[in-house]
Amino acid sequence: MPAAPLPTCEANRLKALARYNILDTNAEEAFDRVARIAKMSFDIPMALVSLVDRDRQWFKSHLGIEAEETPRDQAFCAHAILRRDVMVVEDASQDDRFRDNPLVSGRPFIRFYAGAPIVTQDDFALGTLCVIDTKPRAFDDADTHMLRDLAAMAMNEFELRVAGRGLDEIDDIANRDTLTDAFNGRTFSRLLAAETLRARQQNRPLQLAVFEATPMQSFRLTAKKAVMVALHDICSETVRPQDIVGRIDRSRLSVLFPNTADDAAEIIVRRILKKAADAPLNPDTPANRVTAGLARLDEGCDAKGLLQRAADALGDAQSAPLAC
């Protein structure tokens, strides 16, 4: 029985898994619901939300199977996380990778397996949403599409779980930009995705602003750093405790306003612009000015779309900036 090879990014994949702080936690209805939908949709005896840890696969949800984990070297899911499409095994007893697997020759006597990887925004496969049968069966394109969508729902629940923990629990050095102390781009992207999902599920407003000091390209490196630090300080002292400040690239900061109406977010943005205009961010670069773009989460817009809208609004503001 050949064990699955390790992903080339295994060390970083395990770090990504750890940041969700979900291994060995209690059952949660949100994940059981996804597994239940999968089980009912495919009329299949077993459905799992499986996470592949260093030496085991652990089940956040396990319907139709009593085990809470299995060794990683026996895990079908350890093979499934090596790909980004759905892995289908129609008859494990006829598959060279699995015919000698104890889960095939013994309980639960797996024959059919289909697993869709649960993938983070930064492209790490944490595990799978998988469905299992004790008899061989086929899986068509429509089935594959549905299982992939359900795996995306499971990933959404992981992101919502992170957002629900609150900022204090993810506030460590690995999540911070070393210059400004804002959330770094990767962490801000995760929080943006989580808050977008939360806003959708709870039907709440969400606003996103992007700030940039110009003309940054003409500044010396030390001046650029000083400007970014000063801009972050202004943002941090102006926003509310629930707002999220991130550095999304070398010259831009972004502020996420959860559960905030348009006018309230615009008031905060104008306050930041006024403070930045009242005094130069760096005495060595008195000509710099700060502009902002503000966008709301609308129907049909996802996290990436919201960020793009804010960036587009910033471009418009740089030619016709908001009055302070």
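For F257, the ring-ring contact (aromatic ring centres under 6.0 Å, His included) criterion is met by no residue, not counting sequence neighbours. Under the rule for a side chain to side chain contact (heavy atoms under 4.5 Å, CB included), the partners of D149 that lie at least two apart in sequence or sit in another chain are H145. Partners of Q121 by side-chain hydrogen bond (donor to acceptor under 3.5 Å, both in side chains), not counting sequence neighbours: none found. Every residue two or more places apart in sequence or in another chain that forms a ring-ring contact (aromatic ring centres under 6.0 Å, His included) with F139 is listed here: F42, F112. The side chain to side chain contact (heavy atoms under 4.5 Å, CB included) search around R296 returns Q207, D262, D298, not counting sequence neighbours. For F31, the ring-ring contact (aromatic ring centres under 6.0 Å, His included) criterion is met by F158, not counting sequence neighbours. Contacts of H232 classified as ring-ring contact (aromatic ring centres under 6.0 Å, His included), with partners at least two apart in sequence or in another chain: none. Under the side-chain hydrogen bond (donor to acceptor under 3.5 Å, both in side chains) criterion, D91 pairs with S93, not counting sequence neighbours.
I267 and V245 end up in different hydrophobic clusters when Ile, Leu, Val, Met, Phe, Trp and Tyr side chains are linked at under 4.5 Å. Linking Ile, Leu, Val, Met, Phe, Trp and Tyr whenever their side-chain heavy atoms come within less than 4.5 Å leaves V119 and L150 in two separate clusters. Linking Ile, Leu, Val, Met, Phe, Trp and Tyr whenever their side-chain heavy atoms come within less than 4.5 Å puts I37 and L147 in one cluster. F59 and L63 are members of different hydrophobic clusters when ILVMFWY side chains are connected at heavy-atom separations under 4.5 Å.
Side-chain N or O atoms of S61 include none that pairs as donor or acceptor with a backbone N or O of L48 at under 3.5 Å. Side chain of N12 to main chain of C9: no donor-acceptor pair is present (N/O by atom type, distance under 3.5 Å, no hydrogens or angles). Of the possible donor and acceptor atoms, none in the side chain of D53 sits under 3.5 Å from a partner among the backbone N and O of R56. Panel note: side chain T187, backbone N184; no donor-acceptor pair is recorded below 3.5 Å.
Between L191 and I244, the shortest heavy-atom contact is CD1-CG2, 3.8 Å. Of all heavy-atom pairs between L82 and A4, the closest is CD1-CB, 4.4 Å. P258 and L206 get closest at one heavy-atom pair: CA-CD1, 3.6 Å. Listed here is the closest heavy atom pair of I65 and P108: CD1-CG, 4.1 Å. When all heavy atoms of A138 and E90 are compared, the pair lying nearest together is CA-OE2, 3.9 Å.
A 6.0 Å sphere centred on CZ of R271 holds no more than 12 heavy atoms belonging to other residues, nucleotides or ligands. Annotation: E237, atom CD; neighbour count of heavy atoms from other residues, nucleotides and ligands within 6.0 Å is above 12. No more than 12 heavy atoms of other residues, nucleotides or ligands shown are found within 6.0 angstrom of CE on M146. Counting non-hydrogen atoms of neighbouring residues, nucleotides and ligands closer than 6.0 angstrom, the CZ atom of R107 reaches no more than 12 such neighbours.
Inter-residue side-chain proximity for I110 and F98 is flagged as unmet; no heavy-atom pair is nearer than 4.5 Å.
Among residues at least two apart or in separate chains, salt bridge (Lys or Arg N to Asp or Glu O under 4.0 Å) pairs with a member in residues 3-16 are E10-R13, E10-R72. Every pair tested for side chain to side chain donor-acceptor pair (under 3.5 Å) that includes a residue from residues 39-48 fails, sequence neighbours excluded, so the list is empty.
With F211 as the aromatic partner, R252 does not meet the cation-pi criteria of under 6.0 angstrom to the ring centre and within 45 degrees of the ring axis. A cation-pi geometry, defined here as NZ or CZ lying under 6.0 Å from the six-membered ring centre and within 45° of its normal, holds between R190 and Y20.
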Assess whether side-chain contact (heavy atoms from CB on, under 4.5 Å) is satisfied between M228 and L179, documenting all intermediate values.
-> CA-CA 8 Å; M228 290 303 295; L179 175 65; 4.2 Å; yes

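Checking E69, K60, Q57 one by one against S50, the side chain to side chain donor-acceptor pair (under 3.5 Å) holds for a single residue, Q57.
Between K304 and D302 there is no salt bridge, since no side-chain N of the basic residue sits under 4.0 Å from a carboxylate O of the acidic one.
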Would you tabulate the side-chain donor-acceptor contacts of residues 123-135 under 3.5 Å, counting partners in other chains and residues two or more places apart, or write 'none'?
{"from": "D123", "atom 1": "OD1", "to": "R84", "atom 2": "NE", "distance (Å)": "3.0"}
{"from": "D133", "atom 1": "OD2", "to": "R137", "atom 2": "NH1", "distance (Å)": "3.2"}

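Other members of the cluster containing I81 are V52, with ILVMFWY side chains joined at under 4.5 Å, either directly or via other members.
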